[in-house]
Amino acid sequence: MKLAVVYDSITGNTKKAAEWIVEGMNEVEDAEAMAFSIHEADEAFLKESRGIVIGSPSYMAQLTPDMHSWIMSESGKLGFGGKLGGAFATEQYTHGGGDLVLQSILTMEMVSGMICYSGGNSLGVPYIHLGPVAVNDNKEKHNGLEYYRENFVIFGKRFAKKAVELGNR
Ligand SMILES: Cc1cc2nc3c(=O)[nH]c(=O)nc-3n(C[C@H](O)[C@H](O)[C@H](O)COP(=O)(O)O)c2cc1C
């Protein structure tokens, strides 16, 4: 089952986070996951994907304008309706708006007809609420992307397990 992780990333943090999610997804039997920048997305792969996870850096506590436009213009063409949807974000401040970015992405996914999934607290520790968020160490030297790596891998695994489970019903 194909699964895609799509991101916007200028300085590489969100790309790295996307790759961690893909790593977790590919640990699940029957999952074939790939990550794509919105600027180089494989249309055929995305159309065939049973689930799509979308990630963006926080830009003034919003998803990036490019990601916003991409979802608006591509969601219909790529057949988002009925697919499983997820969200993730990176930011440079602990309170830099990552959760708001997730809410915006999930809202756009819902409007597109996607079935949104994070696993939430139903799967125990780590309690991944709306989706994984990583804080980089640009401004907070006690923080760093690597610190959040495991959450992204686990999220990818949980998302893929759910996609495979739903796909096999
Ligand atoms: C225009 C702009 C606005 C940003 N706004 C925020 C913000 O509101 N909150 C925050 O925590 N980080 C903010 N950042 C920092 C990025 O979210 C952060 O560095 C992110 O990890 C960058 O992702 P990338 O490496 O994938 O491009 C902003 C960065 C830019 C360029």
Side-chain angles (χ1 to χ4, degrees), residues 2-27 31 33-43 45-46 49 51-75 78 80 83-112 114 116-121 126-160:
K2 289 188 172 59
L3 297 170
V5 179
V6 185
Y7 60 87
D8 191 15
S9 182
I10 303 296
T11 54
N13 296 314
T14 316
K15 177 177 195 280
K16 195 184 271 187
E19 285 161 359
W20 290 335
I21 294 175
V22 163
E23 186 184 319
M25 286 174 162
N26 282 329
E27 285 177 17
M34 287 189 71
F36 303 101
S37 156
I38 49 169
H39 305 292
E40 293 171 339
D42 180 335
E43 204 173 294
F45 193 95
L46 285 172
S49 293
I52 300 179
V53 175
I54 296 175
S56 172
S58 171
Y59 275 19
M60 295 188 80
Q62 313 277 325
L63 67 171
T64 65
D66 280 359
M67 180 55 93
H68 191 273
S69 300
W70 185 83
I71 298 173
M72 296 264 275
S73 66
E74 302 302 306
S75 52
L78 298 173
F80 275 24
K83 294 185 193 296
L84 204 61
F88 67 102
T90 70
E91 60 188 3
Q92 68 184 355
Y93 297 103
T94 304
H95 306 289
D99 270 346
L100 296 171
V101 173
L102 299 186
Q103 280 193 322
S104 296
I105 293 171
L106 293 169
T107 298
M108 294 184 86
E109 290 181 353
M110 291 279 285
V111 173
S112 306
M114 293 181 105
C116 296
Y117 186 72
S118 73
N121 59 18
Y127 296 124
I128 297 171
H129 290 59
L130 300 176
V133 177
V135 190
N136 65 37
D137 60 3
N138 288 359
K139 303 286 183 190
E140 298 180 352
K141 294 307 166 197
H142 63 281
N143 239 315
L145 223 61
E146 285 293 330
Y147 178 74
Y148 299 89
R149 182 184 191 286
E150 200 187 351
N151 278 3
F152 284 76
V153 175
I154 290 171
F155 170 78
K157 198 168 175 180
R158 289 175 177 178
F159 186 93

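Atoms within a ligand are numbered from 1 in the order they appear, just like the ligands themselves.
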For atom 20 (C) of ligand 1, which protein heavy atom lies nearest, and how many Å away is it? T90 OG1, 3.3 Å
Just say parallel, tilted or perpendicular for the rings of F155 and F159, cut-offs at 30° and 60°. tilted
I need the atoms of ligand 1 closer than 4.0 Å to a non-hydrogen atom of T14, numbered in the order shown. 23 (O), 24 (P), 26 (O)
Is there side-chain contact between V153 and E27, with at least one heavy-atom pair below 4.5 Å? yes
Please check if atom NE2 in H39 has more than 12 non-hydrogen atoms from other residues, nucleotides or ligands closer than 6.0 Å. yes
For atom 25 (O) of ligand 1, what is the closest protein heavy atom, and at what distance to 0.1 Å? T11 OG1, 2.4 Å
Nitrogen or oxygen atoms of A61 and ligand 1 under 3.5 Å apart: yes
Closest to atom 7 (C) of ligand 1 by heavy-atom distance, out of S37, S58, G98, is S58
Return the option from Q92, M60, E140 holding the heavy atom at the smallest distance from atom 10 (C) of ligand 1. Q92
Between L78 and E43, does the side chain to side chain contact (heavy atoms under 4.5 Å, CB included) criterion hold? Intermediate values first, please. CA-CA 7 Å; L78 298 173; E43 204 173 294; 3.3 Å; yes
In terms of side-chain heavy atoms, does N143 have a donor or acceptor partner in Y93 at a distance below 3.5 Å? no
Residue, atom and distance of the protein heavy atom nearest atom 9 (N) of ligand 1 read G96 O, 2.9 Å
Counting from 1 in the order shown, the ligand 1 atoms closer than 4.0 Å to a non-hydrogen atom of I10 are 24 (P), 26 (O), 27 (O)
For G12, state whether at least one heavy atom is located under 4.0 Å from any atom of ligand 1. yes
List every atom of ligand 1 that sits less than 4.0 Å from any heavy atom of N138, numbering the atoms from 1 in the order shown and giving each element. 19 (O)
Atom 18 (C) of ligand 1 sits nearest the protein heavy atom N136 ND2, 3.4 Å
Starting from atom 22 (C) of ligand 1, locate the nearest protein heavy atom and write down its residue, its atom name and how far away it is, to 0.1 Å. P57 CB, 3.6 Å
Decide yes or no on side chain to side chain contact (heavy atoms under 4.5 Å, CB included) for I71 and L63, but give the supporting numbers first. CA-CA 11 Å; I71 298 173; L63 67 171; 4.0 Å; yes
Closer than 4.0 Å to some heavy atom of Y93 - which atoms of ligand 1 meet that? 10 (C), 11 (O)
Under 4.5 Å between any side-chain heavy atoms of T14 and S56, yes or no? no
protein heavy-atom neighbour closest to atom 3 (C) of ligand 1 works out as Y59 CA, 3.6 Å
Heavy-atom count check: over 12 atoms from other residues, nucleotides or ligands less than 6.0 Å from E150 CD? no
Can you find a heavy atom in the side chain of P132 that is under 4.5 Å from one in the side chain of Y148? no
